[in-house]
Amino acid sequence: MDISTSVSNPVYILGIESSCDDTSAAICCETHLLSNVVASQKVHEQYGGVVPELASRAHQQNIIPVVHQALKQAGIDKKQLAAVAFTRGPGLMGSLLVGTSFAKGFAQALGLPLIDVNHLQAHILANFIDNDDSVQHPEFPFLCLLVSGGNSQIVLVRTPNDMEIVGQTIDDAAGEAFDKCAKVMGLPYPGGPHIDRLANEGNADAFRLSKPRIEGYDYSFSGLKTSFLYLLRDELKLNPAFAEERRADLCASLQQTIVEILMDKFRKAADYFKVKDIALAGGVSANSGLRKAFTAYAEQSGKRAFIPKLAYTMDNAAMITVAGWFKFVQNDFCTLSAPPFARVEI
Ligand code: KG4
């Protein structure tokens, strides 16, 4: 597909994202991003994880101001919009319902078409967000490592709307491994960024952690999580201050193991599918160790690596607008009766 496909008038699309604990609205003109407003919910930090009921309530409070702000920053009036794109799933049902219902009401009131977007596809299409003219994009087909709090997948991307999962986690996601191990070390939620920061000060070879042995391109992180827990439990019996004293080494060893697990399978898949371009996506793609390993692999293998800017790795509506644009050019709209899906594959 020629992604430079364009239509005669500027097409402004409003995107709405509310799948988990970030309320976000963005405006794009084709793939060119005009605004991206994200209201993150701090309320969950004290619980060490997202509380679904609190997330839905916060989305209700945030959605109107966030959309208002996105229109204001983009410098356009809502009457100039050509369509409304929204995250239909996967995600938390209560959270999805807020964004979906808002998008439907807003589109209906303005007589605009609706575009339903798969949140996971949108993470991958974050690699096509333009907010500066020099940005290059992967060429189709490419292979994407999609790593977030809920998913770890290797995806063959044939076109913006034709993606195939070639490998995925059979239990926990990479982000869950980061977050759960961070929790047992007493680090705040979400733990991934804290582990990343502390890992830079530690010795990655200090501890050996277990790696899964699974056929094909699938992942598993539950064994690693258990081996981390047992290591901590055994060492804490000998030295109650172990977790604090060795925190940086623990983080560095854990991060290195997660990155190795992710890259081992991804390398194999990229070699098998003989793709020229490879891309990272999802919240865990913010990880500095993973970004480094991904770029190094691309350099060694002569492939081109694409990694979204940090702001577009986490949940955001910019990626929803761009995914919406790719469906808009295909006239791929949905009806008002389209329900949100808590679980849905790519
Ligand atoms: O994609 P995302 O924003 O939400 C989901 O849709 O799941 O990803 C959130 C996940 C969390 O598990 C968080 O700990 C992880 O991304 N994360 C990181 C980093 N930044 C965010 N993990 C490792 N290193 C980071 N720098």
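Each ligand, and each atom within it, is numbered from 1 in the order the structure gives.
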How about [X]: does its [atom1] atom have over 12 heavy atoms from other parts shown lying under 6.0 Å from it?
X	atom1	value
Lys309	NZ	yes
Ile64	CD1	no
Lys303	NZ	yes

Using a strict cut-off of less than 4.0 Å between a Lys/Arg side-chain nitrogen and an Asp/Glu carboxylate oxygen, indicate whether Lys265 and Asp218 qualify as a salt bridge.
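Salt bridge flag = no for Asp218 with Lys265.
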Whether Asp249 and Arg246 form a salt bridge (side-chain N of Lys/Arg under 4.0 Å from carboxylate O of Asp/Glu) is what I want to check.
yes
Can you tell me which residue and heavy atom of the protein come closest to [atom], and the distance to 0.1 Å?
atom	result
atom 10 (C) of ligand 1	Gly149 N, 3.6 Å
atom 15 (C) of ligand 1	Val284 CG2, 3.9 Å
atom 21 (C) of ligand 1	Gly283 O, 3.4 Å
atom 24 (N) of ligand 1	Asn287 ND2, 3.0 Å

Under 4.0 Å, heavy atoms only, figure out whether ligand 1 is touched by the backbone of Asp315, its side chain, both or neither.
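Asp315 to ligand 1: contacts from backbone and side chain alike.
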Is ligand 1 under 4.0 Å from a heavy atom in the side chain of His123, in the backbone, in both, or in neither?
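For His123, the contact with ligand 1 is made by the side chain alone.
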Need the ligand 1 atom indices (1-based, order shown) with element for anything under 4.0 Å from a heavy-atom of [X].
X	value
Gly150	7 (O)
His119	6 (O)
Gly175	12 (O)

Counterpart residues, side chain to side chain donor-acceptor pair (under 3.5 Å), relative to Thr87 (two or more places apart):
Glu17
Just to be sure I'm reading this right: ignoring hydrogens, which of Asp179, Asn316, Asp196, Ile258 gets closest to atom 11 (C) of ligand 1? Compare them by their nearest heavy atoms.
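Looking at heavy atoms only, Asp179 sits closest to atom 11 (C) of ligand 1.
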Examine ligand 1 and decide if any of its atoms is less than 4.0 Å from a heavy atom belonging to Pro193.
yes
Does the N or O separation between Gly192 and ligand 1 drop below 3.5 Å for any pair?
yes
Below 3.5 angstrom, do we get any N/O pair linking Gly282 and ligand 1?
no
With sequence neighbours excluded, what pairs up with Phe333 under the ring pair (Phe, Tyr, Trp, His ring centres under 6.0 Å) test?
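Ring pair (Phe, Tyr, Trp, His ring centres under 6.0 Å) check on Phe333 returns Phe328.
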Spacing of CZ belonging to Phe140 relative to CE belonging to Met163, to within rounding of 0.5 Å
7.0 Å
Any cation-pi pair here, Arg233 with Tyr230, using under 6.0 Å and within 45°?
yes
